[in-house]
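What follows is one structure encoded as structure tokens, with my remarks underneath.
All values below come from the heavy atoms of this structure, side chains included, with hydrogens, waters and symmetry mates left out.
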Amino acid sequence: MGPRVGSVTERLGDGPGLVHEPSGPLRMDTVQMTVEGGSAVAIATGKATTSKTYDLRGWLERVEELGVLRTVEGASVEGEIGEVTDLLQHSERAPAVLFDKIPGYSPGFRVLVNALGSVDRMAIALGAPMGLTKLQLSEVWRERILGLEPRPAVEVADGPVMENVLRGDEVDLTRFPAPLWHPGDGGRYLGTGSYDVTRDPDDGWVNVGTYRVMVHDARRLGYYISPGKHGRLHRQKYFDRGEPCPVAMVFGSHPLLFLAASNEVPYGVSEYDWAGGILGEPMEVLRGPITGLPIPACAEIVVEGFASDQEMLPEGPFGEWTGYYASGERAEPVLEVAAVYHRNDPIILGCPPGRPPDELARYRAPLRSALLHEELLKAGVPEVTGVWQHEAGGSRMLLVVAIRQRYPGHARQVLHVASQCHTGGYAGKYAIVVDDDIDPSDLEEVMWAVCTRSDPAESIDIVRRAWSTPLDPRLTPAQRAAGDFTNSRALIDATRPFEWRDRFPPVNVPPLSARRAALARWAYLLE
């Protein structure tokens, strides 16, 4: 039941602290073959020790070594876990917390929160050095993504997730501690730090995407997917054919897989294979006995079943990443769960959205900024010196790009490409371009540039009818009634005007490079 956490246990209830050691799962030797969809996988032929590269428990051991993992016992799912989580995720210094001995549930059925709330914990997931700044971590992401060669997952015959197998009448989703994350939620959500696995019925492409999952009862889950998302495209293809959609849902696995599932991996690329390219080691997956979908061998909890548009139940409301209840309650497809697989003493990874900046915004920002940087370069935009998707906007609604200007119109080109490319297109509101002497991740510096280098009448372009979401709290009632999920974008040029940039008043602060060097040398004075 690892990792060992007895030394930092805090109790909300009675009883002694528990100390548990991680189990030792199996690994399989493999041979190559081809399966449905044409992707290369490997089939197990022998036994050894399962790789811990994609094991949540191995990641937790590293976090505990840093002294930033705490355990809380006795917190309830009806409010207390959600309250603590909200408190934690609004501080960059807060630890990861593992809830155990949850009233009404078996000891050892645990919930992990604020896992990716710090740069160092994100770095562990990425296999990067400790002590990086946000921009440095984003640069590590960009280096990994640049020239990324996806590594196909390997299929193995067994894994820790199959320690407990429940089918048919044995399935009872209410055994798992799904918290009420926000006071106004319409139900308890098992899936917040989870992901859904689907396969395109046309070409076999396997997608892994994060969408919220609500518990209806012992065997039914409700799940909402925003329009345009890959999992919804897959699901709709089955529905259009009059067929149920096979789905596997994973509630607890290595944080890198959750990062991949909740960010903009290119269309047609499996997040499993993408993660394999990032870490340089292929994922180990099992073939789901019910759906045939690949599921992580080291996952904590997996369910398999079929979704149909013939059965719709009310889902929501749910407090979303904008910090609001924006989509209300409505009928959504239901997953009829046919089987549940889980490790001994399973861990649910919880990552409920809150008011930004929160954990969700913090873990998304470095990766989404790196992805946006790469898309700008691939679009032919030169001299991009920095990119940041700001946490205050949920790492979506406010993006900033720093450039070294080379020609008239360069700044406007950046704004239009950044606001409409794949990473920047969904649910954006404000795009800002600044000169290369501005740190795009520093909101105070950015707003200083907006206040001093832009003119409201000359420096702002407006784009209308851009791709938004039903979760946008600013959609009018008339738009919602018409199904018009579009918004406008403000594109703000906060650079020195190119034609007279050399005559722009000089600044009275050291250059950005000098300021960074000074911070490195004199940081102890700020402690």
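In this structure, the side chains of V387 and L399 stay at 4.5 Å or more apart for every pair of heavy atoms. Two residues are said to be in side-chain contact when any heavy atoms from C-beta on lie closer than 4.5 Å; Y267 and H422 fail this criterion. Inter-residue side-chain proximity for L126 and I124 is flagged as unmet; no heavy-atom pair is nearer than 4.5 Å. Looking at heavy atoms from C-beta onward, V337 lies in side-chain contact with L221 at the 4.5 angstrom threshold. Contact annotation: the side chain of T469 never approaches that of T322 to less than 4.5 Å [non-hydrogen atoms, C-beta and beyond]. Between P244 and F239 the shortest side-chain heavy-atom distance does not fall below 4.5 Å. The shortest side-chain heavy-atom distance between Y238 and T198 does not fall under the 4.5 Å cut-off. Looking at heavy atoms from C-beta onward, I81 lies in side-chain contact with W181 at the 4.5 angstrom threshold.
To the nearest 0.5 Å, the span separating CG on N114 from CG on D86 amounts to 10.5 Å. Taking OG1 of T385 as the reference point, atom CD1 of I403 lies at 8.0 Å (rounded to 0.5 Å). The CG atom of D202 lies 11.5 Å from the CG atom of L233; values are rounded to the nearest 0.5 Å. Here the CZ-CG distance, from R232 to N207, works out to 14.5 Å after rounding to the nearest 0.5 Å. For the atom pair CG (N487) and CZ (R464), the distance works out to 11.5 Å, reported to the nearest 0.5 Å. Between the OG1 atom in T85 and the CG atom in D358 there is a gap of 11.5 Å [rounded to 0.5 Å].
A salt bridge is absent between R110 and D345; no separation between the charged side-chain nitrogens and carboxylate oxygens falls under 4.0 Å. Electrostatic pairing of D172 and R175 does not count as a salt bridge here, judged by no charged N lying under 4.0 Å from a carboxylate O. For the pair R362 and E359, the salt-bridge criterion is not met [side-chain N within less than 4.0 Å of a carboxylate O]. Using a 4.0 Å cut-off between charged nitrogen and carboxylate oxygen, K237 and E243 do not count as a salt-bridge pair. Salt bridge annotation for E374-R142: present, with a cationic side-chain nitrogen under 4.0 angstrom from a carboxylate oxygen. Ion pair R212/E320 flagged as a salt bridge, since at least one NZ, NE, NH1 or NH2 atom sits closer than 4.0 Å to an Asp/Glu carboxylate oxygen. Using a 4.0 Å cut-off between a side-chain N of Lys or Arg and a carboxylate O of Asp or Glu, D484 and R465 qualify as a salt bridge. Using a 4.0 Å cut-off between charged side-chain N and carboxylate O, R330 and E332 make a salt bridge. With respect to K429 and D472, a salt bridge is recorded, a charged nitrogen being found less than 4.0 Å from a carboxylate O.
In summary, the aromatic rings of W205 and H234 are positioned with their centroids under 6.0 Å apart. Taking the centre of each ring, H342 and F251 stay at or above the 6.0 Å mark.
The backbone N or O of M397 sits nowhere less than 3.5 Å from a side-chain atom of Y430 that would complete a donor-acceptor pair. Within the 3.5 Å criterion, the main-chain N or O of P294 finds a donor-acceptor partner in the side chain of Y272. Formation of a donor-acceptor pair under 3.5 Å by the R57 side chain with backbone atoms of H254 is not found in this model. The backbone N or O of S419 sits less than 3.5 Å from a side-chain atom of R489, completing a donor-acceptor pair. Without hydrogens or angle criteria, Y54 side chain to E281 main chain gives a donor-acceptor distance under 3.5 Å. A donor-acceptor pair under 3.5 Å is absent between the side-chain atoms of R343 and the main chain of P160, judged by distance alone. Of the possible donor and acceptor atoms, none in the side chain of R151 sits under 3.5 Å from a partner among the backbone N and O of L279. Using modelled atom types, one side-chain atom of R480 and one backbone atom of P470 make a donor-acceptor pair closer than 3.5 Å. Judged by distance alone, with hydrogens and angles left aside, the side-chain atoms of E315 form no donor-acceptor pair with the main-chain N or O of E329 at under 3.5 Å. Listed for the S138 side chain is no donor-acceptor partner under 3.5 Å among the backbone atoms of K134.
Residues M214 and G316 approach most closely at SD-N, 3.8 Å, considering heavy atoms. Of all non-hydrogen atoms in T192 and G350, the two that sit nearest each other are OG1-CA, 3.5 Å. Counting all heavy atoms, side chain and backbone alike, A418 lies closest to L372 at O-CD1, 4.0 Å. In plain terms, the two heavy atoms of V250 and A299 that are nearest each other are CG1-CB, 3.8 Å. The two atoms that bring D196 and M249 nearest to each other are OD1-CG, 3.4 Å, heavy atoms only. Here the shortest heavy-atom pairing between H416 and D461 reads NE2-OD2, 3.5 Å.
With no hydrogens or angles considered, no side-chain donor-acceptor pair links S369 and Q389 at under 3.5 Å. With no hydrogens or angles considered, no side-chain donor-acceptor pair links E163 and Y341 at under 3.5 Å.
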**Report entry** Step-by-step side chain to side chain donor-acceptor pair (under 3.5 Å) determination, Y325 to D185
**Finding:** CA-CA 9 Å; Y325 286 94; D185 286 355; 2.9 Å; yes
Report task. Report the C-alpha distance between L259 and L116 in whole Å, list the side-chain angles of each, state the deciding distance to 0.1 Å, and finish with yes or no for side-chain contact (heavy atoms from CB on, under 4.5 Å). Result -> CA-CA 9 Å; L259 285 171; L116 294 167; 3.9 Å; yes
Query - Derivation and outcome, side-chain contact (heavy atoms from CB on, under 4.5 Å), residues V446 and I432 - result: CA-CA 8 Å; V446 170; I432 302 173; 4.0 Å; yes
Requested in this report: In sequence, state the C-alpha distance, the side-chain angles, and the governing distance for Y363 and F258, and then conclude on ring-ring contact (aromatic ring centres under 6.0 Å, His included).
Outcome: CA-CA 10 Å; Y363 76 69; F258 174 54; 5.2 Å; yes
Query raised in the report: When you look at V434 and V401, which way does the side-chain contact (heavy atoms from CB on, under 4.5 Å) test go after all the steps?
Result: CA-CA 6 Å; V434 295; V401 180; over 6 Å; no
Query raised in the report: Given the rule in the side-chain contact (heavy atoms from CB on, under 4.5 Å) test, do Y223 and V334 qualify, once you have shown the distances and angles that lead to the verdict?
Result: CA-CA 7 Å; Y223 67 121; V334 171; over 6 Å; no
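Taking the six-membered ring where tryptophan is involved, the planes of F318 and Y189 are tilted, since the angle between them lies from 30° to 60°. Ring geometry for W321 against Y426 counts as tilted: the plane angle lies between 30° and 60°, on a 0 to 90° scale.
More than 12 heavy-atom neighbours from other residues, nucleotides or ligands sit within 6.0 angstrom of CZ on R188.
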